[in-house]
S.K.: 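Let me give you the structure first, and then I'll get to my questions.
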Amino acid sequence: MPELPDVEVFRRYMDETSLHQKIKSVDVLARDILAGVSEEDLKKGVEGHRLEATRRHGKYMFASLSDDGWLAFHFGMTGYFEYSKDEEEHPEHTRVLFRFDNGYRLAFVLQRKLGKITLTGNVENFIREHNPGKDALDISMDDFKKTLEGARGSIKSALMNQDHIAGIGNVYSDEILFRARLHPRANPGQLDARTVERLFKAMKEVLKTAIGSRADPDQMPGDYLLPQRGKGGECPVCGGKIRTEKITGRTAYFCPGCQK
DNA sequence: CTAGATGTTAAGGT
DNA sequence: CACCTTAACATCTA
């Protein structure tokens with residue numbers, strides 16, 4: 001479920017497994033997930049090089065290549081990495097394989113092909129072009145307040161708008177609003193200062209806690225909403241029934257008793 | 001068989 | 001123009 005916490009976990013996973021080894025070869029199993037780079041240019045830029053360092057901005061992650069350039073990854077709705085011995089069967093829906101010369105390889109897996117791999121020379125430019133909103137873990141209280149003042153739809157859509165705040169998707173917007181005890185349809189422009197502050201703190205706390213739980217719902221605190229998704233679940237705070245509603249085309253989960 | 005699912009984006013409305 | 005919402009994308013599961 002790649003939102004900011006998931007992507008941060010993937011970034012750390014790459015750090016722990018795949019850095020500083022020579023890339024023997026790249027296998028492109030689905031050419032259509034390459035964005036703005038041909039298979040030939042990807043191979044040319046990557047083969048014989050090493051992954052040196054990683055960065056993340058919102059739901060994008062980047063890996064620098066020895067000598068020059070960066071790989072940019074977007075995980076879509078279903079993406080993840082798997083690192084394992086090269087002779088093992090790679091996961092179903094593997095789209096690109098990076099084979100290292102230590103006998104291991106990193107698989108970039110997407111069930112639905114909504115993710116992307118790109119090559120870019122400059123991460124700052126890439127972010128400016130693709131996702132200029134401030135990362136949700138970096139945004140200041142001032143910028144957060146300004147963003148909400150300028151938004152017109154629901155607070156849930158405002159949190160999910162990647163042009164303003166990068167990294168929050170459907171699942172974590174619900175969790176943030178639950179912890180802030182705010183209704184997903186609340187008007188972002190009409191929140192009083194104290195509510196904006198509560199929401200800001202909930203955003204930072206939820207994202208950090210989720211990363212600490214390795215983005216695994218089973219490891220999250222017992223009073224989190226996320227593990228109750230899709231089970232006809234109950235509110236972990238008041239015991240009421242969790243309601244779902246369509247908000248701007250996405251299913252919002254919330255507790256009508258706790259969130260006003 | 002149909003609807004819906006964690007995401008982005010182009011196109012269509014205000 | 002700035003902003004918002006919808007449909008479409010690809011693939012699998014309930």
Side-chain angles (χ1 to χ4, degrees), chain A residues 1-11 28-36 56-61 72-81 91-96 108-118 120 126-133 135-136 146-178 184-190 203 206-207 210-211 213-220 224-233 242-254:
Chain A
M1 315 152 205
E3 298 182 32
L4 186 153
D6 312 87
V7 176
E8 178 62 19
V9 170
F10 299 153
R11 189 187 71 74
V28 178
L29 310 182
R31 209 185 292 240
D32 50 334
I33 67 120
L34 303 183
R56 184 191 56 71
H57 179 86
K59 302 173 192 172
Y60 284 95
M61 89 158 254
F73 297 91
H74 194 286
F75 296 86
M77 292 173 101
T78 58
Y80 64 95
F81 288 135
E92 203 182 354
H93 310 304
T94 296
R95 308 305 181 179
V96 175
F108 179 65
V109 187
L110 303 168
Q111 182 204 94
R112 302 166 64 191
K113 294 198 280 186
L114 297 176
K116 295 261 177 276
I117 294 182
T118 313
T120 178
F126 184 94
I127 291 170
R128 205 171 308 130
E129 285 168 30
H130 294 268
N131 195 357
D135 186 87
K146 284 196 193 103
T147 294
L148 297 191
E149 282 165 2
R152 274 198 246 143
S154 65
I155 184 62
K156 177 173 172 67
S157 318
L159 290 173
M160 287 170 60
N161 184 335
Q162 303 299 303
D163 293 337
H164 292 307
I165 306 171
I168 298 169
N170 197 29
V171 171
Y172 286 102
S173 62
D174 282 350
E175 189 67 56
I176 290 163
L177 291 166
F178 177 70
R185 286 194 201 274
N187 181 336
Q190 287 183 345
M203 173 177 76
V206 163
L207 296 173
I211 292 168
S213 310
R214 307 215 88 214
D216 177 355
D218 294 339
Q219 291 185 49
M220 289 183 197
Y224 266 44
L225 178 69
L226 206 163
Q228 301 306 318
R229 286 195 145 239
K231 298 174 192 161
I242 297 300
R243 181 187 295 172
T244 63
E245 253 178 60
K246 284 278 180 217
I247 300 182
T248 51
R250 316 303 302 274
T251 304
Y253 288 73
F254 65 102

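In what follows, chains carry the letters A, B, and so on, assigned in the order in which the sequence lines appear, proteins first and then strands, with residues in each chain numbered from 1. When reading the values below, keep in mind they use all heavy atoms of this one structure, side chains included, and skip hydrogens, waters and symmetry mates.
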S.K.: Just to verify, what does A:His74 make a ring pair (Phe, Tyr, Trp, His ring centres under 6.0 Å) with, not counting sequence neighbours?
M.R.: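 Partners of A:His74 by the ring pair (Phe, Tyr, Trp, His ring centres under 6.0 Å) criterion, ordered by chain and then number, come out as A:Tyr60.
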S.K.: Which listed nucleotide (B:dT9, B:dG7, B:dT6) is nearest to the side chain of A:Arg229?
M.R.: B:dT6
S.K.: When the distance from CD of A:Gln162 to C1' of B:dA10 is rounded to whole Å, what number comes out?
M.R.: 17 Å
S.K.: What is the separation between atom NZ on A:Lys156 and atom C1' on B:dG7, rounded to the nearest whole Å?
M.R.: 13 Å
S.K.: For A:Asn131 and B:dG7, what is the distance between atoms CG and P respectively, to the nearest whole Å?
M.R.: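 These atoms are roughly 12 Å apart.
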S.K.: One thing to verify: whether A:Lys156 and A:Asp174 come together as a salt bridge, which I'm taking to mean a side-chain N less than 4.0 angstrom from a carboxylate O.
M.R.: yes
S.K.: Under the side-chain contact (heavy atoms from CB on, under 4.5 Å) test, which residues partner A:Arg214, sequence neighbours left out?
M.R.: A:Val9, A:Glu16
S.K.: Testing A:Val7, A:Val109, A:Asp6 one by one against A:Tyr80 for a side chain to side chain contact (heavy atoms under 4.5 Å, CB included), which residue passes?
M.R.: A:Val109
S.K.: Would you please name every residue forming a side-chain contact (heavy atoms from CB on, under 4.5 Å) with A:Asp163, sequence neighbours left out?
M.R.: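 Partners of A:Asp163 by the side-chain contact (heavy atoms from CB on, under 4.5 Å) criterion, ordered by chain and then number, come out as A:Pro132, A:Asn161.
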S.K.: Check side chain to side chain donor-acceptor pair (under 3.5 Å) between A:Glu8 and all other residues, then give those that pass, not counting sequence neighbours.
M.R.: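 With sequence neighbours excluded, A:Glu8 shows a side chain to side chain donor-acceptor pair (under 3.5 Å) to A:Arg11, A:Arg12, A:Arg56, given in chain and number order.
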S.K.: Just to verify, what does A:Thr251 make a side chain to side chain donor-acceptor pair (under 3.5 Å) with, not counting sequence neighbours?
M.R.: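 So A:Thr251 forms a side chain to side chain donor-acceptor pair (under 3.5 Å) with A:Lys246.
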S.K.: Can you measure A:Met160 atom CE to C:dC3 atom P for me and round it to whole angstrom units?
M.R.: 18 Å
S.K.: Mind checking what makes side-chain contact (heavy atoms from CB on, under 4.5 Å) contact with A:Arg250, not counting sequence neighbours?
M.R.: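 Testing A:Arg250 for side-chain contact (heavy atoms from CB on, under 4.5 Å), a comparison that skips the adjacent residues, returns A:Met77, A:Met160, A:Asn170.
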S.K.: Just the table, please: protein N/O against nucleotides 11-14 of chain C N/O, every pair under 3.5 Å.
M.R.:
from	atom 1	to	atom 2	distance (Å)
C:dT11	OP1	A:Lys113	NZ	3.2
C:dC12	O4'	A:Gln111	OE1	3.4

S.K.: Of the residues in residues 244-254 of chain A, which ones touch DNA chain B at a heavy-atom distance under 4.0 Å?
M.R.: A:Lys246, A:Arg250, A:Thr251
S.K.: Starting at atom CG of A:Leu114, determine the distance to atom P of B:dA5, rounded to an integer number of angstrom.
M.R.: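 The distance from CG of A:Leu114 to P of B:dA5 comes to 14 Å, rounded to the nearest Å.
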S.K.: So, using side-chain contact (heavy atoms from CB on, under 4.5 Å) as the criterion, who are the partners of A:Ala136 when residues are at least two apart?
M.R.: A:Leu4, A:Ile165, A:Ile168, A:Met203, A:Leu207
S.K.: Could you write out DNA chain B as a dot-bracket string, with dots for unpaired bases, | for bases paired across to another strand, and Watson-Crick or G-U pairs counted at under 3.5 Å?
M.R.: .||||.||||||||
S.K.: Pick the C1' atom in B:dT6 and in C:dC4, then give their distance to the nearest Å.
M.R.: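 B:dT6 and C:dC4 have their C1' atoms separated by 22 Å.
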S.K.: Please determine whether side chain to side chain contact (heavy atoms under 4.5 Å, CB included) holds for the pair A:Phe108 and A:Ile117, giving the CA-CA distance in whole Å, both sets of side-chain angles, and the decisive distance to 0.1 Å.
M.R.: CA-CA 9 Å; A:Phe108 179 65; A:Ile117 294 182; 3.5 Å; yes
S.K.: Toward the 5' end of DNA chain B, which comes first, A:Lys59 or A:Arg152, by nearest nucleotide?
M.R.: A:Lys59
S.K.: Whole angstroms only, please: what is the CG-P distance between A:Leu159 and C:dC4?
M.R.: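 Going from A:Leu159 (CG) to C:dC4 (P), I get 12 Å.
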S.K.: A:His93: what forms a ring pair (Phe, Tyr, Trp, His ring centres under 6.0 Å) with it, not counting sequence neighbours?
M.R.: none
S.K.: Using ring pair (Phe, Tyr, Trp, His ring centres under 6.0 Å) as the criterion, list what pairs up with A:Phe178, not counting sequence neighbours.
M.R.: none
S.K.: For the pair made of CG in A:Asp6 and P in B:dT6, what is the distance, rounded to whole Å?
M.R.: 12 Å
S.K.: Let's see if you can work this out: which of B:dT8, C:dC4, C:dT5 has an atom nearest to the side-chain heavy atoms of A:Asn161?
M.R.: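 So the nucleotide nearest the side chain must be C:dC4.
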S.K.: Could you state the atom-to-atom distance from CZ of A:Phe75 to P of B:dA5 in whole Å?
M.R.: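 Between P of B:dA5 and CZ of A:Phe75: 23 Å.
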